Amino acid sequence: MSETVTTAPPPAPPPRERGLTRRTWTLIVSFLVVAALGLLGGFARVPYVALGPGPTYDVLSQVKDADVVSVEGQNTFPTKGTLRMTTVSLTDDVSLFGALGLWLSGRYALAPREEFFKPGESEEEVQKNNELAFSESQTSAEVAALHYLGYPGKVIANQITKGSPAENVIPLGARLISVNGKQVQSSADVTTALENTKPGDRIEVAFEKDGTSKSTQLTLGTRDDGRPAGFIGISPVDRADVPFKIKISLSDVGGPSAGLIFALAIVDKLTPGELNGGKSIAGTGEITGDGTVKPIGGIAFKMVAAKEAGATAFLVPAANCTDAKQQAPEGLTLIKVENLKDAVTSLEALTSGKSTPSC
């Protein structure tokens with residue numbers, strides 16, 4: 001009797017553990033690279049700053065319940081419209097992705113950080129220097145405005161060079177009356193009075209300090225810049241000489257470029273009528289005590305800020321006109337100014353519907 005015998009197959013070996021496939025490894029490595037780049041782009045800082053339109057301030061209005069420009073001890077006249085000073089925003093500590101995003105927005109430009117921060121200079125030092133420049137711009141604006149209006153001025157010994165002929169002879173802050181026999185009415189007069197002198201010459205300097213007038217003889221020294229004129233060691237500055245006080249109240253702003261607008265605000269408040277004709281005017285420009293308007297940086301960003309704030313006309317320093325004309329927003333009238341008198345005359349013409357000097 002036969003039997004059918006069935007042979008069972010040998011048991012299957014236990015499954016082997018398989019390693020990660022090449023595709024999986026590629027995905028993992030790619031993810032790690034992307035993550036690393038993301039961290040690098042998000043946190044790595046680049047040696048650039050981002051420049052863009054900054055805030056604007058109507059200097060005829062109030063900020064924090066205080067007049068931006070006020071006059072104490074003198075009658076003033078009402079103003080209308082707006083007169084805006086413009087600023088540039090500066091963003092430091094920019095990441096790689098942040099810089100790219102700002103640049104792609106079209107509102108910002110990137111510039112090397114070294115153009116704004118000297119090697120080893122801290123942000124606090126930069127801010128302090130900007131605040132000092134802003135303070136000096138206010139003083140220059142006051143002097144320029146009052147000079148334009150015919151008020152008297154005075155010249156002060158602002159700094160005395162150490163080791164110079166004037167040290168321990170001319171007091172710091174003294175009012176200079178005459179130098180080398182020439183009356184001093186502006187800081188430029190001091191330089192003019194020394195033009196035909198040479199080291200070793202004896203000159204007379206008259207000054208006033210704390211209500212007391214004095215005269216002294218000085219032996220001139222040698223200049224460090226190689227010029228043949230004698231050296232006295234006084235850094236003179238122009239100051240207003242009026243019985244009233246002008247105060248400018250604006251914080252968290254730096255740099256010298258608001259000088260022109262501050263000067264116009266002072267002129268507007270001390271003269272009848274509205275200098276801007278009730279219109280919305282903006283502008284920029286560093287100003288000197290004699291009223292000269294000097295060029296500034298960031299003109300394109302300032303014009304954008306002015307336009308967005310509703311300004312219809314923009315006062316442009318003459319030396320900035322070429323750049324301003326190429327980058328002006330549509331609908332913003334550019335007015336070219338070389339000095340404070342130009343600016344006042346142009347605003348009066350604009351109010352009367354007359355033509356103004358343009359870039």
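Only a predicted model underlies this, so the values are computations on that prediction, with no experimental measurement involved.
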Given the rule that I, L, V, M, F, W and Y join up when any side-chain heavy atoms are under 4.5 Å apart, are [X] and [Y] in one cluster?
X: F262; Y: F244; answer: yes
X: Y57; Y: L60; answer: yes
X: V267; Y: V242; answer: yes
X: L90; Y: L132; answer: no

Nearest 0.5 angstrom please: I160 CD1 to I170 CD1, how far?
6.5 Å
Return the CD1 to CD1 distance between I248 and I266, rounded to the nearest 0.5 Å.
5.0 Å
Do you know the tightest heavy-atom contact between [X] and [Y]?
X: A174; Y: F207; value: CB-CD1, 4.0 Å
X: V143; Y: G289; value: CG1-O, 3.6 Å
X: I335; Y: S346; value: CG2-CB, 3.5 Å
X: L275; Y: T351; value: O-OG1, 3.6 Å

Only one of D67, N75, L264, I246 forms a side chain to side chain contact (heavy atoms under 4.5 Å, CB included) with K269, so which one is it?
D67
Single hit among I299, I296, V88 for side chain to side chain contact (heavy atoms under 4.5 Å, CB included) with S257
I296
Could you check whether K279 and T312, counting side-chain N and O atoms only, form a donor-acceptor pair closer than 3.5 Å?
no
Side-chain donor-acceptor pair under 3.5 Å between E142 and Q138, yes or no?
no
Verdict with reasoning, T288 to D238, per side chain to side chain contact (heavy atoms under 4.5 Å, CB included):
CA-CA 9 Å; T288 62; D238 296 297; over 6 Å; no
